[in-house]
2 protein chains.
Amino acid sequence: MDTSLERLDAKARHLLFTGARTANSFADTPVTDAELTEIWDLAKWAPTSANSQPLRVVYVRPGPGRDRLVKHMNDGNRAKTESAPAVAILARDTSFHEHIPAVLPFRPELKDTFAANDAMRDATATFNATLQAGYFILAVRAHGLAAGPMSGFDPAGLDAEFFPDGRYRSILVVNIGHPGENPWFGRLPRLSHDDVVTWA
Amino acid sequence: MDTSLERLDAKARHLLFTGARTANSFADTPVTDAELTEIWDLAKWAPTSANSQPLRVVYVRPGPGRDRLVKHMNDGNRAKTESAPAVAILARDTSFHEHIPAVLPFRPELKDTFAANDAMRDATATFNATLQAGYFILAVRAHGLAAGPMSGFDPAGLDAEFFPDGRYRSILVVNIGHPGENPWFGRLPRLSHDDVVTWA
């Protein structure tokens, strides 16, 4: 069994990490349903604890759905969201454990463990859905599209609007599209290596 | 200004997402300090809200540091962690806002906003450090290495051991190395598209 792994080449590193930027404006170029479907079909493969996969995705298109979304965005994010050809609402499924027998077939009883422990269930949903949001942002970029992730919205209002039964809770809203005019600001500095990394 | 973006090719998609697997055993092949440094130097570029960058990384090597770590891992994770040539403790910096004037130079006053609002500061640290943990896992894979992320450890014990002043709080431990013998289990199922994605 060959288990040797390759390294990501410079072009791919540029596309996902070193050259990629958060877009603040979007072109009219459409984003297709197939592209949005493929973004999830790529992001879904990255790992979660207990294979829990608690992230849920609502793709919002221009029209009534987007109008319902925009009113819950902070003022500074409304124009950007209105200019994006597609927007993803990322949410955690507070009842993700219902799927445990299907996704963790060798340990189906973990469903009941989660059902009996609200704090553990909520911590697992929040942590792993957020990990998956990171994967999702890079998966958008992998499709030649710019992502515009935004934490600036009213989660209670958005959740009442889109998730009235309370099962899903929004964690991030991500504009998706091709970059428009002057799509990005000057690159902001990253912390120095020594501010982040230590050795033990 | 050319703002057109390319798509990630099949080889890179395989390396990061579709073909990558969580490793459960590691070969003796070393992982160099340069590789560990480069992993962070790639992951750091992916976005965080307000450019907050709250993730901190402690690279742990075989020896006394790893012995101090292994005793806080759950039983099922100890052998894996002992077999990895490098391990990363990922933590959130609860005082990440001290860096705001440096990383968000056009809005230095946000440092004081965070200082005055414990709930907002903690939510920002937790959410964004977790996003960055997702980027980190993919950055490990980008270097031709297998990642073994683990939530199964005693965070209170680990934090008392490695972060006694209380500023950093562990969120994830990630084994890093080249795959060993029989390094992965059969692939676990992913949720169906309709279980995850809806349209509005």
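So that the names make sense, note that chain A is the first sequence line, chain B the second, and so on, each numbered from 1. This structure is a prediction, so every number in the text was calculated from the model and none was measured.
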Please tell me if the side chains of Pro149(A) and Pro47(B) come closer than 4.5 Å, counting only heavy atoms from C-beta onward.
yes

Hey, does Asp41(B) have a side-chain heavy atom less than 4.5 Å from the side chain of His193(A)?
yes

Just give me the residue among Gln53(B), Lys11(B), Arg21(B) that pairs up with chain A most often, heavy atom to heavy atom, under 4.5 Å.
Gln53(B)

Side chains of Trp45(A) and Arg187(B) in contact at under 4.5 Å (non-hydrogen atoms)
yes

Under 4.5 Å to a heavy atom of chain B? For Asp195(A) that would be both

Are there over 12 heavy-atom neighbours, none belonging to Glu98(B), within less than 6.0 Å of that residue's CD?
yes

When the 4.5 angstrom heavy-atom criterion is applied to Asp33(A) and chain B, the contacting part is both

Heavy-atom closest pair (Gly134(A) atom, Leu131(B) atom, distance to 0.1 Å) is N-CD2, 3.3 Å

Phe106(B) side, atom CZ; Phe185(A) side, atom CZ - distance, nearest 0.5 Å:
7.0 Å

Determine yes or no for a side-chain-to-main-chain donor-acceptor pair under 3.5 angstrom, with Asn51(A) supplying the side chain and Pro189(B) the backbone.
yes

Applying the 4.5 Å side-chain criterion to the ILVMFWY set and letting contacts propagate, would Leu15(B) and Val174(B) be lumped into a single cluster?
yes

Contact winner vs chain B - Arg66(A), His14(A), Arg56(A), heavy-atom pairs under 4.5 Å:
Arg56(A)

State plainly whether one hydrophobic cluster holds both Val140(A) and Tyr135(B), where clusters connect Ile, Leu, Val, Met, Phe, Trp and Tyr through side-chain heavy atoms under 4.5 angstrom apart.
yes

Same hydrophobic cluster for Phe26(B) and Phe136(B), using side-chain heavy-atom links shorter than 4.5 Å among ILVMFWY?
no

Heavy-atom contacts under 4.5 Å, residues 76-91 of chain A to chain B
none

State the CZ-CG distance between Phe17(A) and Leu138(B), to the nearest 0.5 angstrom.
6.0 Å

When the 4.5 angstrom heavy-atom criterion is applied to Thr130(B) and chain A, the contacting part is both

Between Pro54(B), Ala46(B), Ala133(B), Ala142(B), which has the largest tally of heavy atom pairs under 4.5 Å with chain A?
Ala142(B)

When clusters are formed by joining ILVMFWY residues with side-chain heavy atoms under 4.5 Å apart, either directly or through shared neighbours, do Val57(B) and Leu158(B) land in the same one?
no

Could you tell me whether the side chain of Pro105(B) reaches within less than 4.5 Å of the side chain of Leu188(A), counting heavy atoms only?
yes

With a 4.5 angstrom heavy-atom cut-off, is it the side chain or the backbone of Leu42(A) that approaches chain B, or both, or neither?
both

ring-ring contact (aromatic ring centres under 6.0 Å, His included) involving Phe163(A) - partner list, sequence neighbours excluded
Tyr168(A)

Counting only heavy atoms closer than 4.5 Å, note whether Ser49(A) contacts chain B via side chain, backbone, both or neither.
side chain

Under a 4.5 Å heavy-atom cut-off, does chain B meet the side chain of Thr18(A), its backbone, both or neither?
both

Residue Ala12(A) versus chain B: region with a heavy atom under 4.5 Å
both

What residue, out of Leu145(A), Thr37(A), Ile137(A), Asp9(A), has the most heavy-atom pairs lying under 4.5 Å from chain B?
Thr37(A)

Could you tell me the separation between the NE2 atom of His143(B) and the CG atom of Leu5(A), rounded to the nearest 0.5 Å?
13.0 Å

Can you say whether Ser151(A) sits under 4.5 Å from chain B via the side chain, the backbone, both, or neither, judging by heavy atoms?
side chain

Pick one of side chain, backbone, both or neither for Phe162(A), based on which atoms fall under 4.5 Å of a heavy atom in chain B.
side chain

Are Ile176(B) and Ile171(B) connected into the same hydrophobic cluster when the rule is that any two of I, L, V, M, F, W, Y join if their side-chain heavy atoms are below 4.5 Å apart?
yes

Presence of salt bridge, Glu6(B) and Arg141(A), under 4.0 angstrom
no

Quick check on side-chain contact (heavy atoms from CB on, under 4.5 Å): which of Leu36(B), Val60(B), Val58(B) does Trp199(A) satisfy it with?
Leu36(B)

Lys44(A) and Arg190(B) have their tightest heavy-atom pair at O-NE, 2.7 Å

Which region of Leu16(A), side chain (C-beta onward) or backbone (N, CA, C, O), has a non-hydrogen atom less than 4.5 Å from a non-hydrogen atom of chain B, or is it both or neither?
side chain

Quick one: are His99(B) and Leu191(A) in side-chain contact, heavy atoms under 4.5 Å?
yes

Proximity breakdown for Thr29(A) and chain B, heavy-atom pairs closer than 4.5 Å
neither

For Glu38(A) and Arg13(B), what are the C-alpha separation, side-chain angles and deciding distance, and is it a salt bridge (charged side-chain N to carboxylate O under 4.0 Å, His left out)?
CA-CA 12 Å; Glu38(A) 285 169 18; Arg13(B) 294 160 72 101; 5.2 Å; no

